[in-house]
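For reference, the structure discussed in these notes is given below.
Residue indices begin at 1 and follow the sequence shown.
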Amino acid sequence: MLQSYLQDTWVTPTATADDTAADVRDAVTGEFVCRVSSAGLDLAGAFDHARRVGGPALRALTFHQRADLLDTVAAAVRARREELYTLSARAGATLNDARYDVDGGIRVLRDYAARARAELPDAPHLVEGPAERLARGEDFLGAHLVTPSPGLMLQVNAFNFPVWAPLEKLAQAVLAGMPSVVKAATPTSYLTEHLVRIVAAAGVLPPGALQLVVGSVRPALGLLGEQDVLSFTGSAATAETLRTHPNVVARSVRFNAEADSVNSIVLAPDVTPGTPLFDAFVREVVTEMTVKAGQKCTAIRRVLVPGAHESAALDAISAGLAGVVIGDPAAEGVTMGAVVSLAQRDDVRRAVRRIAESGRFVHGDPEKVRVLDADPERGAFLDTLLVSADPDAAAPHEVEPFGPAATVLAYRDTGHGADLVARGRGSLVASVVSDDLAWTTAFVREAAPWHGRLHLLDSANMAQTTGHGSPLPALRHGGPGRAGGGSEMAGTRGVLDLMQRTAVQGSRRMLDSLGGA
């Protein structure tokens with residue numbers, strides 16, 4: 001039975017006859033990995049410990065001292081990252097996938113530590129200035145005071161980034177002076193559990209600053225209060241359930257959601273087959289379909305191309321996918337592993353079949369896959385699945401196959417392309433591939449309100465881009481509508497969003513005193 005880390009102690013759940021515990025299996029072999037349950041855990045005591053012990057310890061520190069904590073956590077994780085790489089293979093991740101998750105989390109910690117020192121004062125709080133004069137005289141002024149909230153962050157994380165996600169949220173919470181209670185996603189809970197063991201063993205955070213719940217936290221939703229933050233990553237359906245929880249609504253608990261979305265890439269009419277920019281477009285699609293076996297909230301699901309280039313795009317993407325080697329992530333030459341579970345494999349199969357009802361499979365078979373050094377029946381393997389569908393059908397814009405799948409949709413003109421992008425009802429990210437400045441500017445004006453981030457790929461940046469699917473600490477990660485309406489990262493803006501901004505009116509001497517405290 002996997003343990004939770006509560007009140008600075010490793011705790012084993014209580015096994016009962018009616019326990020709703022879940023078995024977690026190896027994505028590659030189907031072998032039993034662990035059993036997950038939160039039965040008998042003292043969640044109320046954990047929340048009290050976070051607020052009573054962890055919160056005061058963090059709030060007593062300055063932003064710069066909190067930044068030092070992030071650097072020490074990053075160093076502790078980096079020193080033992082090979083252990084996390086090894087465990088990641090059990091979730092179907094290749095070494096590159098594991099580095100994307102583990103090293104990405106380490107980089108976020110270090111980035112936030114550096115930003116805090118450069119952009120925030122060496123003080124426990126921030127006075128946003130300059131002060132504004134509120135009367136005819138010179139000594140009645142107003143400013144905004146940003147202070148840590150005496151609450152906690154409950155992290156409810158998704159299975160696809162069991163290391164990066166908790167570290168990314170922890171970075172902002174620590175800088176905001178807020179302790180974290182991490183709820184690990186069941187399919188990869190053993191990875192998050194090992195991450196927390198690494199951090200706890202290093203002894204780098206104050207007591208109560210980090211706790212871990214393995215298993216359900218549904219009963220804990222009723223324990224959240226006005227000063228707490230519920231930070232969720234996962235499906236839009238689960239986000240709706242959490243957002244409308246009676247206690248979350250009644251107590252106005254701050255809720256942040258980063259949900260699934262049907263992200264897109266749009267090839268502009270000026271980019272013709274055979275050009276370097278067209279090849280860069282194809283690489284983006286293939287990469288987003290295969291990194292982490294397509295299990296990324298930012299992965300490309302819709303590939304919009306001009307009707308004149310549809311055939312060439314399908315051929316080029318299919319050729320790129322033909323070079324993908326699927327199998328045991330530990331086997332030499334394998335470039336894509338399994339999805340996280342057999343249940344996830346079946347969900348993807350159902351989704352792509354529904355999308356293909358208006359079109360056809362151009363590459364891959366959802367029921368068959370050739371794998372290297374693994375059993376295709378016991379492991380959660382999928383072929384890379386490329387679908388050509390009717391762009392005006394509903395399913396391509398509504399159904400997200402959370403795996404190695406994408407759908408090519410041919411648009412008639414710019415207006416039609418912009419309309420198709422908007423049919424996703426809000427996305428985390430879209431890429432626009434073009435060298436035509438006028439076309440891109442016009443398209444961005446239409447697409448921007450529907451997206452949290454736009455990745456504009458052209459001949460000038462195609463050799464430097466970090467890619468469509470890579471959220472960066474400096475920029476907002478989130479999106480409107482179906483994508484959850486939330487925001488993560490965004491540099492130090494995201495830290496201040498977790499704190500309380502209070503308008504303060506007073507004399508200059510009073511405001512100056514607050515700023516220097």
Would you please name every residue forming a salt bridge (charged side-chain N to carboxylate O under 4.0 Å, His left out) with K296, sequence neighbours left out? E288
Run the salt bridge (charged side-chain N to carboxylate O under 4.0 Å, His left out) test against D228 and tell me which residues pass, sequence neighbours left out. R51
Would you confirm whether [X], through its side chain, and [Y], through its main-chain N or O, come within 3.5 Å as a donor-acceptor pair?
{"X": "S341", "Y": "Q344", "answer": "yes"}
{"X": "R254", "Y": "L498", "answer": "yes"}
{"X": "N256", "Y": "S487", "answer": "yes"}
{"X": "T465", "Y": "N461", "answer": "no"}
{"X": "T241", "Y": "A237", "answer": "yes"}
{"X": "D435", "Y": "D458", "answer": "no"}
{"X": "S88", "Y": "A93", "answer": "no"}
{"X": "T29", "Y": "E31", "answer": "yes"}

Cation-pi between R66 and F63: NZ/CZ under 6.0 Å from ring centre and within 45° of the ring axis? yes
Quick one: list whatever passes side-chain hydrogen bond (donor to acceptor under 3.5 Å, both in side chains) with T238, sequence neighbours left out. S235
State which residues pass side-chain hydrogen bond (donor to acceptor under 3.5 Å, both in side chains) with E284; sequence neighbours excluded, sorted by chain then number. none
Using side-chain contact (heavy atoms from CB on, under 4.5 Å) as the criterion, list what pairs up with [X], not counting sequence neighbours.
{"X": "K183", "result": "V156, T186, V217"}
{"X": "T147", "result": "H125, L145, Q500"}
{"X": "R501", "result": "E128, H144, V146, L496"}
{"X": "H245", "result": "L221, N247, V248"}

Give every residue pair that meets the salt bridge (Lys or Arg N to Asp or Glu O under 4.0 Å) criterion with at least one member in residues 189-216, sequence neighbours excluded. E193-R197
Do you know the tightest heavy-atom contact between [X] and [Y]?
{"X": "A131", "Y": "L511", "result": "CB-CD1, 4.0 Å"}
{"X": "G337", "Y": "A293", "result": "O-CB, 4.1 Å"}
{"X": "A116", "Y": "A67", "result": "CB-CB, 4.0 Å"}
{"X": "R302", "Y": "V421", "result": "NH2-O, 3.1 Å"}
{"X": "P166", "Y": "V182", "result": "CB-CG1, 4.1 Å"}

Neighbour count >12 (heavy atoms, 6.0 Å) for atom CD, Q65: yes
Are there more than 12 heavy atoms of other residues, nucleotides or ligands under 6.0 Å from atom CZ of R493? no
To the nearest 0.5 Å, what is the distance between CZ (R78) and CG (D71)? 12.5 Å
Just one of V108, N157, L109, T233 clears the side-chain contact (heavy atoms from CB on, under 4.5 Å) bar with E168, so which one? V108
side-chain contact (heavy atoms from CB on, under 4.5 Å) with L205: which of L70, L69, D8? L69
Whether the [X] and [Y] side chains hold a donor-acceptor pair (N or O, under 3.5 Å, no angle test) is what I'd like checked.
{"X": "N263", "Y": "S261", "answer": "yes"}
{"X": "T62", "Y": "D122", "answer": "yes"}
{"X": "T492", "Y": "Y112", "answer": "no"}

Kindly state each residue pair satisfying side-chain hydrogen bond (donor to acceptor under 3.5 Å, both in side chains) with at least one member in residues 328-337, sequence neighbours excluded. none
Apply salt bridge (charged side-chain N to carboxylate O under 4.0 Å, His left out) to the pair R115 and D111, showing each step before the final yes or no. CA-CA 6 Å; R115 286 180 185 281; D111 184 283; 2.5 Å; yes
What residues, two or more places apart in sequence or in another chain, satisfy ring pair (Phe, Tyr, Trp, His ring centres under 6.0 Å) together with Y85? none
Does any pair with a residue in residues 454-498 pass ring pair (Phe, Tyr, Trp, His ring centres under 6.0 Å), and if so which ones, sequence neighbours excluded? none
List the steps, then state whether salt bridge (charged side-chain N to carboxylate O under 4.0 Å, His left out) holds for D23 with R35. CA-CA 5 Å; D23 288 346; R35 194 163 173 79; 2.5 Å; yes
R243/E240 under salt bridge (charged side-chain N to carboxylate O under 4.0 Å, His left out): CA gap, chis, key distance, verdict: CA-CA 5 Å; R243 192 193 309 272; E240 181 180 358; over 6 Å; no
